[in-house]
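Note sheet for the following structure.
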Amino acid sequence: MPLQLYNTRTRTVEAFAPLREGEVRIYVCGLTPSAQAHLGHARSFLFFDVLRRYLAHRGYRVTYVQNVTDIDDRSIKAGIETGQDYHAIVEHFYAEFKESMRKLGILEYDFEPYATKYIGEIQQMIRELVDGGHAYVTRDGVYYRVSTFQNYGRLANRNVADLESGARIEVDENKEDPLDFALWKFAKPREPSWPFEPYGEGRPGWHIECSAMARALLDPPGVGFDIHGGGADLIFPHHENEIAQSEPLMAQPPMANFWVHGGLLLFDNRKMAKSLGNFEPLSDMLLRHDPQAIRWLFLQTGYRKVMNFTEDSIAAAALGLSKIKTAYRLALARRDADPPPQRSEFDEQMEAALDDDVNTAAALAVLYEFAATAPVERLRYWLTILGIEPNDSWVAEPVVELTAQFVGRLQAALDGEGAAGEIENLQPHEAIERVIAMRAEARRQKDWAGSDRLRDALQRSGIDLHDTKEGTTWTVVG
RNA sequence: GGCGACGUAGCCAAGUGGUAAGGCAGGGCUCUGCAAAAGCCCCAUUCGGCAGUUCGAAUCUGCCCGUCGCCUCCA
């Protein structure tokens, strides 16, 4: 069974097949870094990261492009108001975004095109549109003539008449039609601009960059690429406009075979926005929460569904993930008994879940079912496909949280046991091991009271003990 | 006003015609000197409401109630 994937273009779930044998080309609309990114951005990009990893698992060579809109009205305005270069602002926020993506375990993109690095390609496309009668020049820019594109509104299931009657479209007497949109904006004083003969100096409109960069990087011949993605809020007008700009110039539309959109993330049941007072930068949120728990939380919900974020939900996800971490640790301990690598029921069920329109929630259920019995190598493999790579923190005790003061605290807790001196000058983890050894000795002598006092001392110092058949392990608690 | 999504146990959530996955929380048991951890088991006669189609509906149709999104920059 091939991968089944929902296609916004056809509004159905379809069997995925690449246009070129063995190769999948994906373009995802990236960030406009004129402000800090938030968790909603993370949800969207996290989904495309999983899709990409799974396509690679299915044996496809994946080319993943995610653009950077490094010029827009907001960054220009902010630059003028604060006296900074608009591009310095963009670079600052984008660097912060990339750091967040790294923490979330998102794979590096194959191409990360900046709009301002593709001015030539953008201008070339605008020329072709003007030459073909799809665009016209006004006093303040070059506009796309929507009336020349028959399929306008098809992706978003809107018809032109309804759109035109809508009261929310601003009236602009420069435009032939209210639906027409800017391809090129002529420069006003102090605005960054590029020369563009014969039309006039200025900068690209928002939508044209994606059309131009997707063509340049994924589809020079104009016969389409495989997947175009983004958040559901981009369907209209952004993706509709991209199609309108691209398809009249193509040898063989559609622009993208599959259009894939991720559901939006809400906070307090509202879209996150500064004006609503529910905005928290992604970088701050990553300071408060385990990035893998955030990914786990998103994996629990269908990618197309609107999802409401709450602090309770992330806490529950973190607990659920911790169970998997423990299972992984146990799997590591019994790895000698693992069967030789071969396809198993576990693999079958994971693929069945992910083949079904990337049903990560179902995949997680499979993971929970097999976590206690699967070979550690398979467990690691599938966790990695989901972007949850087991790292050192999964197996090693988090000694980093223990400072030199910890030993002092432990000594104080041991006061009266005559054991404080035993751990003098030891590193935190050595001190813990020492006390565990002392407790083991006490237990051997059936000195339960003494054993329990040592355990209590560790507990008061923030260390929980777990007795297993293989020996005693410990974890740091709050 | 137009377009669309959603409403499943205390909470999160999968399932979209064949008789309710999974996670968190809760309860029980096993193991253990005790505890913790872990493992096993239990936990919705029912899917916002009301009609209808069907042998059969959480899943399809209609109406109603509620929540949200897009139509303007937006992942």
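We name chains A, B, ... by the order of the sequence lines, and we start the count at 1 in each one.
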List every contact pair, protein side and nucleotides 2-4 of chain B side both N or O, where the distance is under 3.5 Å.
| unit_1 | atom_1 | unit_2 | atom_2 | d |
| --- | --- | --- | --- | --- |
| rG2(B) | O2' | D162(A) | OD2 | 2.9 |
| rG2(B) | N2 | R158(A) | NH2 | 3.2 |
| rC3(B) | O3' | N157(A) | ND2 | 3.1 |
| rG4(B) | OP1 | N157(A) | ND2 | 3.0 |

Taking the [atom1] atom of each, how far is [N] from [M], in whole Å?
N	M	atom1	answer
rC12(B)	rG7(B)	P	12 Å
rA21(B)	rU59(B)	C1'	15 Å
rU32(B)	rA14(B)	P	41 Å
rG15(B)	rG48(B)	P	15 Å
rA5(B)	rC43(B)	P	35 Å
rG69(B)	rG56(B)	C1'	35 Å
rU67(B)	rG27(B)	C1'	33 Å
rC50(B)	rC55(B)	P	23 Å

Using the salt bridge (charged side-chain N to carboxylate O under 4.0 Å, His left out) criterion, which residues pair with [X]? Sequence neighbours excluded.
X	result
E377(A)	none
R443(A)	D467(A)
D347(A)	R378(A)
E433(A)	none

Qualifying side-chain hydrogen bond (donor to acceptor under 3.5 Å, both in side chains) pairs with a residue from residues 355-364 of chain A, counting only residues at least two apart or across chains:
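Only Y54(A)-D355(A), R58(A)-D355(A), Y303(A)-D357(A), R304(A)-D357(A) qualify under side-chain hydrogen bond (donor to acceptor under 3.5 Å, both in side chains).
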Could you please name the option among rC70(B), rA38(B), rA75(B) that lies closest to any side-chain atom of L234(A)?
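Within the option list, the nearest is rA75(B).
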Of the options rA21(B), rA36(B), rA75(B), whose atoms approach the side-chain atoms of D233(A) most closely?
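Closest nucleotide to the D233(A) side chain: rA75(B).
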Go ahead and name the base partner of [N]; Watson-Crick or wobble counts if both distances stay under 3.5 Å, otherwise write none.
N	result
rC70(B)	rG2(B)
rC43(B)	none
rA38(B)	rU30(B)
rG62(B)	rC50(B)
rA25(B)	none

In whole angstrom, what separates [X]'s [atom1] from [N]'s [atom2]?
X	N	atom1	atom2	value
L465(A)	rA36(B)	CG	P	13 Å
R154(A)	rC71(B)	CZ	P	22 Å
Y368(A)	rC40(B)	OH	C1'	18 Å
L367(A)	rA21(B)	CG	P	19 Å
K325(A)	rG23(B)	NZ	P	18 Å
Y303(A)	rC6(B)	OH	P	13 Å
L297(A)	rG22(B)	CG	C1'	14 Å
E369(A)	rG39(B)	CD	P	14 Å

What contact category does [X] fall into here, base, sugar-phosphate, or nothing, at under 4.0 angstrom with non-hydrogen atoms?
X	answer
L266(A)	sugar-phosphate
H38(A)	base
S313(A)	nothing
G302(A)	sugar-phosphate

Ion pair R288(A)/E311(A), N-O distance below 4.0 Å
yes
Counting just side-chain N and O atoms, does [X] come under 4.0 Å of either OP1 or OP2 of [N]?
X	N	answer
R304(A)	rA5(B)	no
K305(A)	rG7(B)	yes
H466(A)	rA37(B)	no
N359(A)	rG15(B)	yes

Donor-acceptor contact present, side-chain D180(A) to main-chain V146(A), <3.5 Å:
yes
Which protein N or O atoms sit under 3.5 Å from an N or O of nucleotides 30-33 of chain B?
| unit_1 | atom_1 | unit_2 | atom_2 | d |
| --- | --- | --- | --- | --- |
| rG33(B) | O6 | R443(A) | NE | 3.3 |
| rG33(B) | O6 | S451(A) | OG | 3.2 |
| rG33(B) | N1 | D452(A) | OD1 | 3.0 |
| rG33(B) | N2 | D452(A) | OD2 | 2.8 |

With sequence neighbours left out, what residues match D72(A) under side chain to side chain contact (heavy atoms under 4.5 Å, CB included)?
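Counting only residues at least two positions away or on another chain, D72(A) forms a side chain to side chain contact (heavy atoms under 4.5 Å, CB included) with T32(A), S34(A), R74(A), S75(A).
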Of all residues at least two apart in sequence or in a different chain, which pass the side chain to side chain contact (heavy atoms under 4.5 Å, CB included) check with A316(A)?
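Applying side chain to side chain contact (heavy atoms under 4.5 Å, CB included) to A316(A) gives none.
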When you match W296(A) and R43(A) each to their closest nucleotide on RNA chain B, which lands nearer the 5' end?
W296(A)
Given RNA chain B, 5'-ward residue of the pair G230(A) and F236(A), judged by closest heavy atom
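Comparing both residues, the 5'-ward one is F236(A).
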Taking CZ in R190(A) as the centre, count heavy atoms belonging to other residues, nucleotides or ligands within less than 6.0 Å. Is the count above 12?
no
Applying side chain to side chain donor-acceptor pair (under 3.5 Å), can you list everything that pairs with H238(A), at least two apart in sequence or on another chain?
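For H238(A) the side chain to side chain donor-acceptor pair (under 3.5 Å) partners, ignoring immediate neighbours, are H207(A), E242(A).
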For Y114(A), enumerate each residue passing the ring-ring contact (aromatic ring centres under 6.0 Å, His included) test, keeping only those at least two apart in sequence or located in another chain.
Y94(A)
Any chance the side chains of E99(A) and S283(A) put a donor and an acceptor closer than 3.5 Å?
no
Within residues 316-324 of chain A, which residues have any heavy atom lying less than 4.0 Å from an atom of RNA chain B?
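Correct list: A316(A), L319(A), G320(A), K323(A).
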